[in-house]
Amino acid sequence: MTPSISIDCLTASQRQAVLHKDGPLLVLAGPGSGKTRVITCRIAQLIDSGVRPWNICAITFTNKAAEEMRLRVERSTPASGVYLSTFHSLCVWILRRYPEEAQVKANFSIFDAGDQQRCMKEAIKDSKLEAASFSPARMLEYVSRLKNELEDVEDFESRAHDYFTKNAAQVYRRYQKILKLNNALDFDDLLVRTAFLLRDHPEVRQSLSHRFHYLLIDEYQDTNRAQYQIAKGIALAHHNICVTGDPDQAIYRWRGADIGNILAFEKDWPETVVVKLEENFRSTPNILGKADQLIAFNTRRKQKKLIATRPAGQDIEIQTCDDENAEARYVAEQAQAMIEKKIDPNEIAVFYRVNSMSRAIEEAFVQRQLPYQVVRGIEFYARKEVRDLLSYLKLMANPEDNVAFDRAIGTHSRGIGKTSIERLEEFARIQGISLLSAALRAEQVETINRPTRLRLKEFAQMIAQFQQKVQGPTAPLMEEVFTASGLAGAFGSDEDAIENIDSLISAAAAYDRRVEQPNLTDYLQMVSLYSDSDAYDSSSGRVSLMSLHAAKGLEFDHVFIVGLEDGVLPHERSIEAGPEDMEEERRLLFVGMTRARKTLGISYARHRVIRGQFIRSTPSQFLYEIGFAGESRAVQSEQWDSGSDQYMYEPQDVPSVKTSIPYRVDELVEHSKFGMGRIKEILDLGEDSIVVVKFLSGNTKSLMLKYANLRKVGVKEQ
DNA sequence: CCATCAGCTTTTTTT
DNA sequence: AAGCTGATGG
């Protein structure tokens, strides 16, 4: 057989990683080091050397990454069947394969953040705790942390001694009980249950090791304890575990990711071969140098080189803006100029720390009619009409899902009110049955008035009717449920809603075509694991707007990072939390910066509206760490209703060049693009005078005075 | 039972 | 700014 892949064009280190065969392998891959390519080649190489594709399990961080890797693998080797997905999807797959051992029913619901909140509220209410110190958000975070540490209810109860932990233990117990009653698992449970399944069942471990003889895990620096245990469980029998990652790109500590997993890999697997990929094939040395300079401020890290291989390009631009609208205008204008220069919008991206910051940018793009996409996958599935329709389907797939029942019955008025539902819940609780079963026996619920009992029964029977058809393709099912449930009627003339439902059904139809045996449970579990970054379309022909977290793993020619302010990036919460979280914020910016191939524009605003409050802000400390020399001339906000043009710019800022030159050699000046510098030379040519300025960035530039817009440093703006 | 509105809180990041 | 809760009136 002729080798189907070419490794000739790989570097020595890359080749070493690709050709490594059995035993543990740790690939420490810096940004832009061709890591994805190495993994792909390695999979193809394994297949070429006789490993059967289905014996390979490759885990990526997002579904999108898995999808793309599948395409790449199938392009480099004719064989297919590699198990390729995320940790969460793998867990669903495992749990459904071993339901008895894992003590789950295969049709379990996966509860998203909203569902979790609902359950947590109920758990807190049942525990009769005061809301102030036991808010749902806080308790969810707390419970999630316990789960990430693989601490189950019993473990935690046994070490809970003070007031808070004792109550927290009670809430944890009730919360888990509610999930169980709903036949539901939350995101953390997927991992925890799988980890426990592997811990407690050697035969399952063995069978999985047999099935997955080679395990590859990407973004290993962002795995948590449960994921670590799962990986270990699968690989223990054969040690064929290859992990890739970069401790400097760890950005998920807050959700339990343990950077120690990658740092201690060599201790876990003593015969580990370590390959470092330090060359960077992505960014210009200008960008890479600054990124390196930034990350060097982190103390808790493994020293690593970033070796640039690209030719020099433009320097990073740091732009001061008056407020978030001015900042948005700056980005939009730059993007517009690029697009007019025939730069592909697909190659432009804007990153921000929090999703709410997309708003101002979007407005500026809309105003200039620039094409953009906001990468936020769950947004679509969070729409009311979509959630409404899905709640019927969830209820059909899992009749015990009371959260889905609640939502489905309340999608539109059908003469069943809050009190009736409460009474039904009471009845269900006493009988120990689900809401749907209770509704089927509504005539027995004497506390509810007679006509409402009838309506409840009618609803339950309708669902029962639907349930007859759960098997098979999902799209026709959706179509039918949408009309028969009365939802279609309720949305009536809402064209947006109808359009969204249409896209939902089209997506379901695509799923039906894609998989061999489409089925509702499978579809719903897949949809639940759909993530933000999955919505990224690399050929949309639009500029991409996304959070810094969503930017992980992507790359663009031109990148803008906005909101480099104290309190935004680094985020206020992280500043409060201490140095470890501050280092993670720094890594987050590092990740953002290293996405850029050719140009990088960073901006901050002197004022910003946060949660409806006008806040005055100062530049992020990270700006100073990458050599920011102080405020340059700010982009002003556009004034629409008040004042005329003359108030938009500050005229005293424009140096007069008509008379003699207002500068002297050695004077400190500031340039809007190049920052602070010192005048080295002045050529008095009247109108066309030239000044030579050595900027703090190290560059020396000759500038036409009349165009340079220099500003004297130390001259205060009001 | 249901729609509406005033008043209140709101921890970023995501699977 | 936006979403949620509880109160009010039809």
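Chain letters run A, B, ... following the sequence lines, proteins first and then strands; every chain starts at 1. This is a predicted model, so every value here is computed, not measured.
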Chemist: Can you measure A:E141 atom CD to B:dT13 atom P for me and round it to whole angstrom units?
Modeler: 13 Å

Chemist: Using the side chain to side chain contact (heavy atoms under 4.5 Å, CB included) criterion, which residues pair with A:A438? Sequence neighbours excluded.
Modeler: A:L424, A:F427, A:A428, A:I433

Chemist: Can you check whether A:S356 has a side-chain N or O nearer than 4.0 Å to OP1 or OP2 of B:dT12?
Modeler: no

Chemist: Do other residues, nucleotides or ligands put more than 12 heavy atoms under 6.0 Å from the CD atom of A:E576?
Modeler: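 Yes, because the 6.0 Å sphere around CD of A:E576 holds more than 12 heavy atoms from other groups.
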
Chemist: Would you mind building the protein contact string for nucleotides 2-10 of chain C? One character per nucleotide, 5' to 3', B for base within reach (heavy atoms under 4.0 Å), S for sugar-phosphate only, - for untouched.
Modeler: S-SS-----

Chemist: Please assess A:Y352 against A:L545 for the test side-chain contact (heavy atoms from CB on, under 4.5 Å), listing each intermediate value before the final yes or no.
Modeler: CA-CA 8 Å; A:Y352 34 78; A:L545 277 48; 3.8 Å; yes

Chemist: Base, sugar-phosphate, or nothing for A:Y252, non-hydrogen atoms under 4.0 angstrom?
Modeler: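 Sugar-phosphate, backbone atoms only, no base.
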
Chemist: Please tabulate, for side-chain N and O atoms in residues 139-146 of chain A, each donor-acceptor pair with protein atoms closer than 3.5 Å (sequence neighbours left out).
Modeler:
{"unit_1": "A:S144", "atom_1": "OG", "unit_2": "A:D188", "atom_2": "OD2", "d": "2.8"}

Chemist: Rounded to the Å, how far apart are A:K147 NZ and B:dT15 P?
Modeler: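 Spelled out: NZ on A:K147 to P on B:dT15 is 18 Å.
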
Chemist: May I have the distance from A:N148 (atom CG) to B:dT14 (atom P), rounded to whole angstrom?
Modeler: 16 Å

Chemist: Relative to the ring of A:Y83, is the ring of A:F212 parallel (under 30°), tilted (30 to 60°) or perpendicular (over 60°)?
Modeler: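 Taking A:Y83 first and then A:F212, their aromatic rings sit tilted (interplane angle of 30° to 60°).
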
Chemist: Could you give the CG-to-P distance, from A:D115 to B:dT15, as a whole number of Å?
Modeler: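 Answer to the nearest Å: 16 Å.
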
Chemist: Taking CG from A:L548 and P from B:dT13, how many angstroms apart are they, rounded to a whole number?
Modeler: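 Nearest whole value for this atom pair: 11 Å.
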
Chemist: Taking only the side-chain nitrogens and oxygens of A:S531, find out if one of them lies under 4.0 Å from OP1 or OP2 of B:dT15.
Modeler: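 Answer yes for this pair, as a side-chain N or O of A:S531 is under 4.0 Å from OP1 or OP2.
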
Chemist: Have a look at A:S533 and say if it touches a base, only the backbone sugar-phosphate, or nothing, with a 4.0 Å heavy-atom cut-off.
Modeler: sugar-phosphate

Chemist: If you count every heavy atom of other residues, nucleotides or ligands that lies below 6.0 Å from A:E572 atom CD, does the total exceed 12?
Modeler: no

Chemist: Measure from NZ or CZ of A:R225 to the centre of the six-membered ring of A:Y228, then state whether that distance is under 6.0 Å and the direction lies within 45° of the axis.
Modeler: no

Chemist: Students often get this wrong, so: under 4.0 angstrom with heavy atoms, is A:N355 touching a base, only sugar-phosphate, or nothing?
Modeler: sugar-phosphate

Chemist: Give A:S528 one of three labels, base, sugar-phosphate or nothing, depending on what nucleic acid heavy atoms sit under 4.0 Å from its own.
Modeler: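 Nothing, no heavy atom under 4.0 Å.
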
Chemist: Strictly under 3.5 Å: I want the nitrogen or oxygen pairs between protein and nucleotides 8-10 of chain B, one per line.
Modeler:
none

Chemist: Going by atom types only, do A:E219 and A:Q221 share a side-chain donor-acceptor pair under 3.5 Å?
Modeler: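 A:E219 vs A:Q221: donor-acceptor pair found between side chains.
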
Chemist: Taking side chain to side chain contact (heavy atoms under 4.5 Å, CB included) as the definition, give me every residue that meets it alongside A:N402, ordered by chain and number, with sequence neighbours left out.
Modeler: A:N182, A:S434, A:L435

Chemist: Of A:Y530 and A:H412, whose closest DNA chain B nucleotide lies nearer the 5' terminus?
Modeler: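 In this pair, the answer is A:H412.
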
Chemist: Quick one: is A:S547 getting a side-chain N or O under 4.0 Å of the B:dT14 phosphate, OP1 or OP2?
Modeler: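 The answer is yes; a side-chain N or O of A:S547 sits under 4.0 Å from OP1 or OP2.
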
Chemist: Do A:D248 and A:N298 meet the criterion of a side-chain donor-acceptor pair at a distance under 3.5 Å?
Modeler: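 The answer is no; no qualifying pair exists.
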
Chemist: Any salt bridge between A:E324 and A:R359, counting N to O under 4.0 Å?
Modeler: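 No, this pair does not count.
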
Chemist: Could you give the CD-to-P distance, from A:Q249 to B:dT14, as a whole number of Å?
Modeler: 17 Å

Chemist: Can you check the A:M357 CE to B:dT13 P distance for me, whole Å?
Modeler: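 Spelled out: CE on A:M357 to P on B:dT13 is 11 Å.
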
Chemist: Going by atom types alone, do A:N224 and A:Y252 pair a side-chain donor with an acceptor below 3.5 Å?
Modeler: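 Distance-only check fails for A:N224 and A:Y252.
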
Chemist: What's A:L191 touching, base or sugar-phosphate or nothing? Going by heavy atoms closer than 4.0 Å.
Modeler: nothing

Chemist: Is there aromatic stacking of A:H88 on B:dT15 here, judged by a ring-centre distance under 5.5 Å and a plane angle under 30°?
Modeler: no

Chemist: NA contact type, A:R587, heavy-atom cut-off 4.0 Å: base, sugar-phosphate, or nothing?
Modeler: nothing

Chemist: Under 3.5 Å, which protein N or O atoms sit close to an N or O of nucleotides 3-6 of chain B? Give each pair with its distance.
Modeler:
{"unit_1": "B:dA3", "atom_1": "OP1", "unit_2": "A:S413", "atom_2": "OG", "d": "2.8"}

Chemist: Has A:W254 got its ring stacked on the base of B:dT13, with centres under 5.5 Å and planes less than 30° apart?
Modeler: yes

Chemist: Starting at the 5' end of DNA chain B and moving along, which residue's nearest nucleotide shows up first, A:T62 or A:S574?
Modeler: A:S574

Chemist: Within a radius of less than 6.0 Å around CZ of A:R616, do more than 12 heavy atoms belonging to other residues, nucleotides or ligands occur?
Modeler: no

Chemist: Looking only at atom C1', what distance separates C:dT5 and B:dT12, rounded to whole Å?
Modeler: 24 Å

Chemist: Please state how far atom CD1 in A:I378 lies from atom C1' in B:dT13, giving the value in whole angstrom units.
Modeler: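 The answer, rounded to whole Å, is 11 Å.
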
